[in-house]
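Numbered from 1 within each chain, the chains take letters A, B, ... in sequence-line order.
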Amino acid sequence: MGINKSLESHPVFGVTMRLSQYFLPVLRDVPKEAEIISHRLMLRAGMVRQQASGLYSWLPLGYKVLIKVQKIVEEEQNRSGAIQLLMPTIQSADLWRESGRYDAYGKEMLRIQDRHERDFLYGPTNEEMITDIFRTYVKSYKDLPLNLYHIQWKFRDEIRPRFGTMRSREFLMKDAYSFDLDKESAVRAYHRMFVAYLRTYARMGLTAIPMRADTGPIGGDLSHEFIVLADTGESEVFCHKDLLDKPIPAPDTDFRGDLSPIINDWTSQYAATEEMVDMAAYESAVPPDKRVTARGIEVGHIFYFGTKYSEPMKATVTGPDGKEITVHMGSYGIGPTRLVPAIIEASHDDDGIIWPVSVAPFEAVLINLKAGDAECTAACDSLYDELNANGIDMLYDDRDQGAGGKFATADLIGIPYQVILGPRGLKSGEVEIKHRRSGERETLPVGDAAKRIKALIEPQRRTDI
RNA sequence: CGGAGUGUAGCUCAGCCUGGUAGAGCACUGGUUUUGGGAACCAGGGGUCCAAAGUUCGAAUCUUUGUACUCCGACCA
């Protein structure tokens, strides 16, 4: 795969996404360990490789998707006023002894010792560490509210990892932590994250429904899970049908203003997971024709937990009257390494993945149907240059192989648009565009292809919804 | 952690019951012909048969003990 070829034969080596030189190990057979569709497709499309139970390498194609997902998460966190930083994966046990969670967390936490036999752990979450950072630097009520987040690897030694990266032991999580003077202000911080999450999922083409949730070991008294409906979801959920097509808060939403109307709208209808559901309440709140009972994947979880950590860890600020105030906190998690399979679960067919443009590893793939033909190849090369010049994130299938295999690969890895050019079309000066999702095909002059692809793709990038 | 199952080529799997030269398809390498929905032919490379111990003249195959992975349940971004 290009390793022994001289660089001379690749004039733009290191820049192009020519499939003949890319690293895309697609699998024809389904590896037997994969049970659910997203896991199978991620393995077949060469996105990930399992290295041990619950531990995955992200191969180039998968990593490109992961990066795009992270970018959307970051953009929406930033928009809502959260500030990004980065904390280490390894944490000192002492910090966790302060909050009392070192003993409470159990075997799910991976405990390790350094060469001096000091106790450390691979962080399953970061409340303690962020609280430590906060208390060190933030001393005045004037510095609040504050919301700090990072996207970092977590490790939870799950009893049974499964479903590929959907539930792995090492996983990437965006975790945000809000600090406020009082509960009222903390609830506003909670609302900002609530809205940011709605926007984040929508931009990835996901319909996620907020549901009242149990607070679990993180604790607290206000919490929502965001659930994507999918047949392969891990838990059963019950909700009002109208929640499925509620409008998403616009990009110019004023995060400094009062968001409670939006939150009230989204929480006014019944929605609960099987742990929280009260069947009598569900049936009285939702008329039979509006009841949706389905399976769901949890793609985010937000908590308000008051002073649970700030109090034992003494995270206080000085108030206007000179008195110490223990801050109110919340934490907010989204797992990018889980979002990727969730998107696949929600968007695929028998031939493979169907990526929404906003997270697709490539926005379009140019397929040279006859790579052995000089004329056809010259036409494809120049069309490829033109598509690149138009800012399309392109993959170029320039392999000298049969057409069937190329179509199958393009379908499998789910690139939203296929630009197909072969000797037959070239004769009449025409190129074909296949829409991956609808299967629709259109034929147009080669010279119009780049403009058409651009027009198709730009509105779907969802940078502005 | 309880229950079930599987480890043989990069992947999917056969061979094991009934011990006797380690196989197939796909993938890979070289060549020829091909090229609009996973092309054909010719030639070739590739294996600690999960590990250790045992039984045996002889173990992928039988026995024991480990170990890894998967599935079902209780827990979770």
Side-chain angles (χ1 to χ4, degrees), chain A residues 1 4 25-36 39-40 43-44 46 49-55 73 105-109 123-126 151-176 197 208 213-218 223-228 234-235 273 275 297-303 331-342 351-352 367-373 376-377 399-412 418 420-427 430-432 434 439 441 443:
Chain A
M1 237 188 294
N4 297 319
V26 299
L27 269 34
R28 214 160 154 167
D29 297 304
V30 184
K32 65 176 168 201
E33 74 263 20
E35 195 67 17
I36 66 164
H39 189 194
R40 276 191 221 154
L43 291 167
R44 286 198 56 212
R49 168 172 169 75
Q50 180 172 337
Q51 303 291 168
S53 177
L55 300 173
V73 169
Y105 218 93
K107 292 184 111 171
E108 213 171 285
M109 186 157 73
T125 179
N126 283 58
I151 297 180
Q152 175 67 299
W153 292 98
K154 303 292 185 291
F155 190 92
R156 293 184 190 173
D157 201 356
E158 298 276 351
I159 295 167
R160 184 147 94 89
R162 62 184 122 172
F163 306 143
T165 67
M166 185 88 79
R167 149 103 92 243
S168 47
R169 291 193 293 179
E170 187 183 50
F171 61 98
L172 205 53
M173 183 160 87
K174 183 289 299 179
D175 37 329
Y197 276 33
D214 201 3
T215 54
I218 293 180
S223 174
H224 284 88
E225 287 179 3
F226 289 78
I227 305 281
V228 170
E234 290 192 75
S235 59
T273 61
E275 299 88 41
I297 301 167
E298 181 187 343
V299 290
H301 203 159
I302 60 179
F303 303 88
S331 77
Y332 315 88
I334 283 190
T337 47
R338 172 179 283 189
L339 280 169
V340 174
D351 295 324
I367 298 177
N368 179 354
L369 285 178
K370 195 165 181 178
D373 180 291
C376 185
T377 298
R399 296 171 301 167
D400 189 8
Q401 284 185 11
K406 295 186 177 192
F407 292 135
T409 298
D411 287 344
L412 173 65
Q418 297 170 17
I420 302 163
L421 186 52
R424 212 165 75 191
L426 197 57
K427 212 172 285 179
E430 285 176 327
V431 66
E432 189 180 13
K434 178 185 167 183
R441 294 158 186 278
T443 303

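Within the nucleic acid shown, A/D400 comes within 4.0 Å of at least one base atom, counting heavy atoms only. Among the atoms of the strands shown, none is found under 4.0 Å from any heavy atom of A/R399. Here A/K434 lies in heavy-atom contact (under 4.0 Å) with a base. Nucleic acid contact class of A/S235 (heavy atoms, under 4.0 Å, all strands): none. Using a 4.0 Å heavy-atom cutoff across all strands shown, A/G300 reaches sugar-phosphate atoms only and no base atom. Contact annotation for A/L339: no contact, since no heavy-atom pair falls under 4.0 Å across all strands. Here A/G106 lies out of heavy-atom contact (under 4.0 Å) with every strand. Looking at heavy-atom distances under 4.0 Å, A/D411 makes contact with a base.
Checked against ring-ring contact (aromatic ring centres under 6.0 Å, His included), A/F155 has the following partners two or more places apart in sequence or in another chain: A/Y122. Scanning for salt bridge (charged side-chain N to carboxylate O under 4.0 Å, His left out) contacts around A/D400 gives an empty result, with sequence neighbours left out. Not counting sequence neighbours, A/Y332 has no partner by the ring-ring contact (aromatic ring centres under 6.0 Å, His included) test. Applying the salt bridge (charged side-chain N to carboxylate O under 4.0 Å, His left out) rule to A/E158 yields the partners A/R167; only residues at least two apart in sequence or on another chain are considered. A search for salt bridge (charged side-chain N to carboxylate O under 4.0 Å, His left out) contacts involving A/K154 returns A/D175, not counting sequence neighbours. Under the rule for a side chain to side chain contact (heavy atoms under 4.5 Å, CB included), the partners of A/V30 that lie at least two apart in sequence or sit in another chain are A/R40, A/R44. Under the salt bridge (charged side-chain N to carboxylate O under 4.0 Å, His left out) criterion, A/E170 pairs with no residue, sequence neighbours left out.
Nucleotide B/G44: paired with B/C28 (Watson-Crick or G-U wobble, both distances less than 3.5 Å). Base pairing of B/A74 is not made with any nucleotide, judged by Watson-Crick or G-U wobble geometry with both donor-acceptor distances under 3.5 Å. Across all strands shown, B/C16 forms no Watson-Crick or G-U wobble pair with both key distances under 3.5 Å. The base-pairing partner of B/U21, taking Watson-Crick or G-U wobble contacts with both distances under 3.5 Å, does not exist among the strands shown. Nucleotide B/A39 has B/U33 as its partner under the Watson-Crick or G-U criteria, with both atom distances under 3.5 Å. In this structure, B/U56 forms no base pair with any nucleotide, since neither Watson-Crick nor G-U wobble geometry is met with both distances under 3.5 Å. When both distances must be under 3.5 Å, the Watson-Crick or G-U wobble mate of B/U6 is B/A68.
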(request) Test A/D411 against A/K434 for side chain to side chain contact (heavy atoms under 4.5 Å, CB included), laying out the working first. (result) CA-CA 10 Å; A/D411 287 344; A/K434 178 185 167 183; 3.1 Å; yes
(request) For A/E234 and A/F163, run side chain to side chain contact (heavy atoms under 4.5 Å, CB included): C-alpha distance rounded to whole Å, both residues' side-chain angles, the deciding distance at 0.1 Å, then the answer. (result) CA-CA 10 Å; A/E234 290 192 75; A/F163 306 143; 3.7 Å; yes
(message) Please evaluate residues A/I420 and A/R441 with respect to the criterion side chain to side chain contact (heavy atoms under 4.5 Å, CB included), reporting the C-alpha separation (whole Å), side-chain torsions for both, the decisive distance (0.1 Å), and the verdict.
(response) CA-CA 10 Å; A/I420 302 163; A/R441 294 158 186 278; 4.2 Å; yes
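Atom-to-atom, CD of A/Q401 to P of B/U33 comes out at 18 Å; the value is rounded to the nearest Å. For the pair A/R44 CZ and B/A27 C1', the interatomic distance rounds to 14 Å; values are reported in whole Å. Rounded to whole Å, atom P of B/A74 lies 16 Å from atom CD of A/E108. Taking atom CG of A/D373 as the reference point, atom P of B/U35 lies 11 Å away to the nearest angstrom. Rounding to whole angstrom units, CD1 of residue A/I151 and P of B/A77 are separated by 18 Å. Atom NE2 in A/H301 sits about 6 Å away from atom P in B/A77, given to the nearest Å. Atom C1' of nucleotide B/A77 and atom NZ of A/K174 are separated by 10 Å, given to the nearest angstrom. Computed from coordinates, the A/L412 CG to B/G37 P distance equals 18 Å when rounded to whole Å.
Stacking between A/F407 and B/G36 is absent: the ring centroid is not both under 5.5 Å from the six-membered base ring centre and under 30° in plane angle.
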(request) Sugar-phosphate means primed atoms, P, OP1 and OP2; the rest is base. With that split, encode nucleotides 39-44 of chain B 5' to 3' as B, S or - using protein heavy atoms under 4.0 Å. (result) ------
(request) For nucleotides 66-72 of chain B, just jot down a letter per nucleotide in 5' to 3' order: B, S or -, based on protein non-hydrogen atoms under 4.0 Å. (result) ---SSBB
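Distance noted for atom P between B/U48 and B/A9: 8 Å (whole Å). Here the separation of B/U21 from B/A59, taken at their C1' atoms, is 14 Å to the nearest Å. Between the P atoms of B/C62 and B/G5, the separation comes to 15 Å (whole Å). For B/G58 and B/C13, the P atoms lie 34 Å apart once the distance is rounded to whole Å. B/U18 and B/A60 have their C1' atoms separated by 15 Å, with the value rounded to a whole Å. Remark: the separation of the P atoms in B/C69 and B/G23 is 31 Å, to the nearest Å. When the P atom is compared between B/A52 and B/U61, the two are found 12 Å apart, to the nearest whole Å. Of the C1' atoms belonging to B/G25 and B/G46, the separation is 16 Å, rounded to the nearest Å.
Of the candidates B/G38, B/A77, B/C75, the closest approach to any side-chain atom of A/S168 belongs to B/A77. Distance from the side chain of A/E432 is smallest to B/G36 among B/G36, B/C75, B/G38. Closest contact between the side chain of A/I159 and the listed nucleotides B/C1, B/G25, B/G36 involves B/C1. Among the nucleotides B/G36, B/A77, B/G37, the one closest to the side chain of A/E158 is B/A77. The side chain of A/R424 sits closest to B/G36 out of B/G36, B/C11, B/A77.
Atoms CD and CZ, from A/E35 and A/R162 in turn, are 11.0 Å apart once rounded to the nearest 0.5 Å.
Panel note: side chain A/T165, backbone A/T337; a donor-acceptor pair is recorded below 3.5 Å.
Residues A/G425 and A/E234 both approach RNA chain B. Their nearest nucleotides, taken by heavy-atom distance, put A/G425 toward the 5′ side. Of the two residues contacting RNA chain B, namely A/T165 and A/L426, the nearest-nucleotide position lying further toward the 5' end is that of A/L426.
Counted within 6.0 Å of CZ on A/R49, heavy atoms from surrounding residues, nucleotides or ligands total 12 or fewer; the atom is thus considered open.
An OP1 or OP2 oxygen of B/U34 is reached within less than 4.0 angstrom by no side-chain nitrogen or oxygen of A/K370.
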